[in-house]
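For reference, the structure is listed below as structure tokens.
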Amino acid sequence: MTSSLSPTTMGPGQDAPATVTVSVSGMSCAGCASRLERHLKSQAGVADAMVNFALERATVAVDDNGPEIGAVIAAVGDAGFEATPFSRDERPEEKQALRAEARTLVILGMAVLLTLPLVGKMIASLAGAPVTFSPWWELVLATPVQFVAGWRFYRGAWSALKHRSGTMDSLVALGTSAAYFYSLAVLVFGIGEGHLYFESAAVIVTLILAGRVLEARAKRKTGEAVRALMNLRPETAMVMRDGAYKKLPLAMVREDDTVLVRPGSRVPVDGEIIEGSSDVDESMLTGESMPVAHGVGDMVFTGTVNGLGALTLKVTAVAEDSRLGKIVQVVENAQAGKAPVQALVDRVSAVFVPSVLVIAIVTFVAWLALGYGAEAAMTAAVAVLVIACPCALGLATPTAIVAGMGAAARSGILFRNVEALETAFNLKTVVFDKTGTLTEGRPQVVDLQPVSGEASEALRLAGAVQAGSDHPLAQAFVTYASGKGISLPMAQGVEVKAGFGLSGEVEGHRVTVGNAAMMETNEISLDRAPQTDPGYTSAYVAVDGVLAAVVLLQDRPRAEAGTVVASLKARALKTVVLSGDAPAVVGKLADELDLDKSYGGVLPEEKAERVNALRAESGVIAMVGDGINDAPALASADVGIAMGSGTDVALETAGVTLMRSDLSLIPAVVELSRKTVWKIRQNLFWAFIFNVTGIPLAAFGLLNPMIAGGAMAFSSVLVLSNSLLLRGWKAEASK
């Protein structure tokens with residue numbers, strides 16, 4: 001089973017159920033997807049189900065004793081569609097779709113050749129140059145189009161009818177059949193006013209079939225970003241076997257294998273470099289255009305391009321377990337999700353086809369009642385059936401989401417779910433963590449002022465306590481001591497108090513290092529502490545309960561921080577910094593970067609509370625942090641944005657993950673969200689406008705059935721083409 005259903009569908013405190021994902025063929029419109037989704041949800045053991053019309057995929061969340069993949073495929077078949085197991089590696093549904101498209105193209109070619117003479121006769125008649133053309137030849141030409149090219153519509157309509165539902169196939173089958181069989185009755189039995197509509201039925205079938213081909217191609221293009229990522233993974237690797245390197249299929253590579261990556265080739269696995277050094281192009285993962293130098297002990301990832309040096313790797317992850325595989329899974333899961341606005345579309349789609357059928361019947365009866373005759377009544381009713389296309393409505397949201405998220409992935413931005421994408425559209429405030437987010441995250445010791453004893457001794461003891469810590473401030477102490485040539489002794493019993501500092505035993509002395517609150521907690525007097533510049537971070541060193549030194553540290557702002565803040569403010573967003581550092585230090589940074597507000601001295605567990613308070617004050621909030629220390633705040637924000645290199649923690653915690661530590665991607669997140677949501681709204685506008693204006697025009701006899709068929713096909717192509725414009729989007733940072 002593959003985990004694909006968004007966890008957001010589950011309630012708080014619930015364990016996410018196992019999920020089964022299958023590729024579905026045979027859906028012709030949003031009504032099909034809605035019907036299949038309802039059918040799957042009705043199955044025993046199914047907790048939830050989601051069907052994506054654009055991706056042609058169904059994801060089913062199953063209970064402990066719920067159906068296995070075979071039962072899900074059978075359930076899809078019961079609903080009148082075909083399903084195959086979804087595989088990110090093999091993607092059989094893509095090959096199947098290409099074969100189906102090739103067959104459709106052949107049938108479409110036949111339909112075009114048979115329809116052209118009928119259209120030629122019609123055009124000639126309209127031009128005042130009647131063409132002698134036996135009506136029996138019209139029957140001969142139109143019949144294969146109606147029942148060969150149009151067979152898929154009959155098959156889909158019959159499947160829907162068996163399940164007491166209606167789809168776009170139902171509308172097309174009814175409309176063209178009415179035109180065809182009315183003409184047949186006129187020709188064979190001489191009823192009616194003598195006008196034949198064979199050309200109308202043939203043209204409608206041909207146009208809609210052509211629209212389906214264009215629609216299928218456009219839908220395939222919307223998912224090209226994810227397929228392009230997957231195609232970056234080599235199919236083979238040079239693996240050490242029996243003392244020699246052998247080229248093996250990637251499926252045979254295992255964790256802890258030794259793999260050789262030759263100069264200029266793509267890295268086939270995630271692995272740690274155990275021999276060699278080289279510059280590696282990681283742009284496909286991070287969007288960063290410049291190659292990154294790597295040596296022994298560094299990690300390299302699947303799909304990146306090795307430079308001029310040979311690398312020997314110890315394999316840490318392969319295929320779906322690799323970082324590339326996890327990125328693809330995150331993007332696909334997000335693309336398969338439904339934006340909140342889609343709920344409206346689903347409700348409309350559920351009643352759309354039955355409503356159209358009622359309107360068509362009312363139209364037919366009304367024209368007869370007004371004395372216009374069966375021919376005019378039939379023409380108006382057929383036009384209503386044909387113009388009422390729910391395809392564009394069903395494609396409006398998912399195609400924009402697929403295209404937008406694919407473009408984001410190419411620029412190093414990962415949206416974990418659709419909700420994050422849509423919520424970012426309404427952002428009012430962006431809250432930044434300070435250390436490592438707005439700043440470089442590498443504080444430096446600026447000065448050490450002794451209070452009692454020698455400065456070097458205070459530094460030696462303080463460095464010893466912090467030598468085992470990964471905290472940036474601790475590492476600054478260690479680096480400063482190393483630069484002074486001071487050898488650090490071993491510390492024992494080190495205790496860390498998050499947000500305050502740490503303490504431990506060094507050579508029989510109790511050493512405490514931390515902020516003023518840490519000193520106060522340990523009843524260490526700061527009366528003798530010298531006055532320092534409040535713009536620096538002050539750390540205090542105490543030995544055996546007596547203040548020994550004051551250390552001044554500074555963490556420089558990132559080079560792009562000021563530009564990013566200005567860019568966000570230009571988009572009418574408020575900017576706030578939230579940090580555990582002293583209020584004066586945080587305030588100085590806020591003034592330097594022109595942030596709207598600053599909050600210092602905030603403990604890690606208090607950050608989430610502060611985020612909630614800011615939301616109540618300002619509206620929709622994004623929190624930007626590193627995805628680990630800021631996890632509670634990221635989870636509390638409306639949109640959590642994790643900076644960094646795409647670690648597993650970041651992928652699981654935040655709604656948005658930036659694959660490189662580049663602040664300039666923050667405005668890009670806002671820009672892409674706004675562009676995607678606007679595309680969705682534009683698509684829905686066009687989808688609704690075609691129906692809202694087209695159905696009344698058809699009902700009042702102002703729309704020819706053939707024109708209705710062309711307009712219906714055009715509406716789907718228009719929506720898809722509008723969504724595809726997002727494929728060209730790039731974050732400014734990656735240009």
Side-chain angles (χ1 to χ4, degrees), residues 225 281-292 327 330-331 404-416 420-421 423-425 427-442 555-579 589-596 598 620-627 630 634 637 639-647 650-651 654-677 726-735:
D281 181 356
E282 299 180 339
S283 58
M284 49 74 62
L285 276 182
T286 66
E288 177 58 60
S289 58
M290 295 298 294
V292 180
I327 288 171
V330 168
V331 175
M405 288 188 168
R410 285 196 300 270
S411 292
I413 301 171
L414 298 182
F415 286 91
R416 187 165 176 250
L421 178 70
T423 303
F425 177 82
L427 279 181
K428 302 299 181 185
T429 302
V430 178
V431 180
F432 293 92
D433 173 49
K434 173 183 167 287
T435 304
T437 302
L438 283 176
T439 64
E440 294 176 351
R442 296 188 300 273
D555 188 7
R556 297 175 182 174
R558 290 177 180 269
E560 73 275 17
T563 303
V564 168
V565 171
S567 178
L568 292 172
K569 296 180 82 168
R571 290 173 167 83
L573 295 172
K574 294 180 180 179
T575 54
V576 178
V577 59
L578 196 61
S579 175
L589 177 69
D591 291 339
E592 185 176 345
L593 299 179
D594 195 26
L595 294 158
D596 293 305
S598 66
V620 181
I621 279 187
M623 174 69 195
V624 184
D626 63 13
D630 298 308
L634 288 169
V639 181
I641 303 176
M643 296 275 294
S645 57
T647 62
L651 288 171
V656 183
T657 299
L658 309 183
M659 296 304 293
R660 64 179 188 273
S661 295
D662 185 351
L663 276 178
S664 58
L665 289 178
I666 304 296
V669 169
V670 178
E671 178 189 354
L672 179 65
S673 172
R674 292 180 177 180
K675 283 183 176 294
T676 304
V677 172
L726 285 171
R727 294 170 66 224
W729 179 88
K730 289 184 179 180
E732 291 184 4
S734 63
K735 289 182 179 178

Which atom pair, heavy atoms only, marks the closest approach of [X] to [Y]?
{"X": "Leu672", "Y": "Ala408", "value": "CD2-CB, 3.1 Å"}
{"X": "Ala622", "Y": "Ala637", "value": "C-CB, 4.3 Å"}
{"X": "Leu726", "Y": "Ala407", "value": "O-CB, 3.4 Å"}
{"X": "Phe432", "Y": "Met623", "value": "C-CE, 4.3 Å"}
{"X": "Glu671", "Y": "Trp729", "value": "OE2-NE1, 3.2 Å"}
{"X": "Ser664", "Y": "Pro667", "value": "O-CD, 3.3 Å"}

Gap separating the [atom1] atom of [X] from the [atom2] atom of [Y], nearest 0.5 angstrom:
{"X": "Ile641", "Y": "Phe415", "atom1": "CD1", "atom2": "CZ", "value": "8.0 Å"}
{"X": "Ile413", "Y": "Met405", "atom1": "CD1", "atom2": "CE", "value": "11.5 Å"}
{"X": "Ser411", "Y": "Asp662", "atom1": "OG", "atom2": "CG", "value": "11.0 Å"}

Any heavy-atom pair between the side chains of [Y] and [X] that's under 4.5 Å?
{"X": "Arg571", "Y": "Leu427", "answer": "no"}
{"X": "Leu658", "Y": "Ile666", "answer": "yes"}
{"X": "Leu438", "Y": "Leu595", "answer": "yes"}
{"X": "Val564", "Y": "Arg558", "answer": "no"}
{"X": "Thr429", "Y": "Thr575", "answer": "no"}

Could you check whether any side-chain N or O of Thr439 sits under 3.5 Å from a backbone N or O of Lys434, counting only pairs where one atom can act as donor and the other as acceptor?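 Such a contact is found between Thr439 side chain and Lys434 backbone.
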
Sidechain-backbone polar pair: Ser673 side chain, Leu421 backbone, donor-acceptor under 3.5 Å: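 Flag set: sc Ser673 to bb Leu421 pair under 3.5 Å.
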
So if I apply the salt bridge (Lys or Arg N to Asp or Glu O under 4.0 Å) rule between Asp596 and each of Lys574, Lys569, Lys428, which one comes out positive?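 Of the listed residues Lys574, Lys569, Lys428, the salt bridge (Lys or Arg N to Asp or Glu O under 4.0 Å) partner of Asp596 is Lys569.
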
For side chain to side chain contact (heavy atoms under 4.5 Å, CB included), just list the numbers for Leu589 and Asp555, CA-CA rounded to whole Å, side-chain angles, deciding distance to a tenth of an Å, and then say yes or no. CA-CA 10 Å; Leu589 177 69; Asp555 188 7; over 6 Å; no

Evaluate side chain to side chain contact (heavy atoms under 4.5 Å, CB included) for Met643 paired with Asp433, printing each intermediate quantity in order. CA-CA 10 Å; Met643 296 275 294; Asp433 173 49; over 6 Å; no

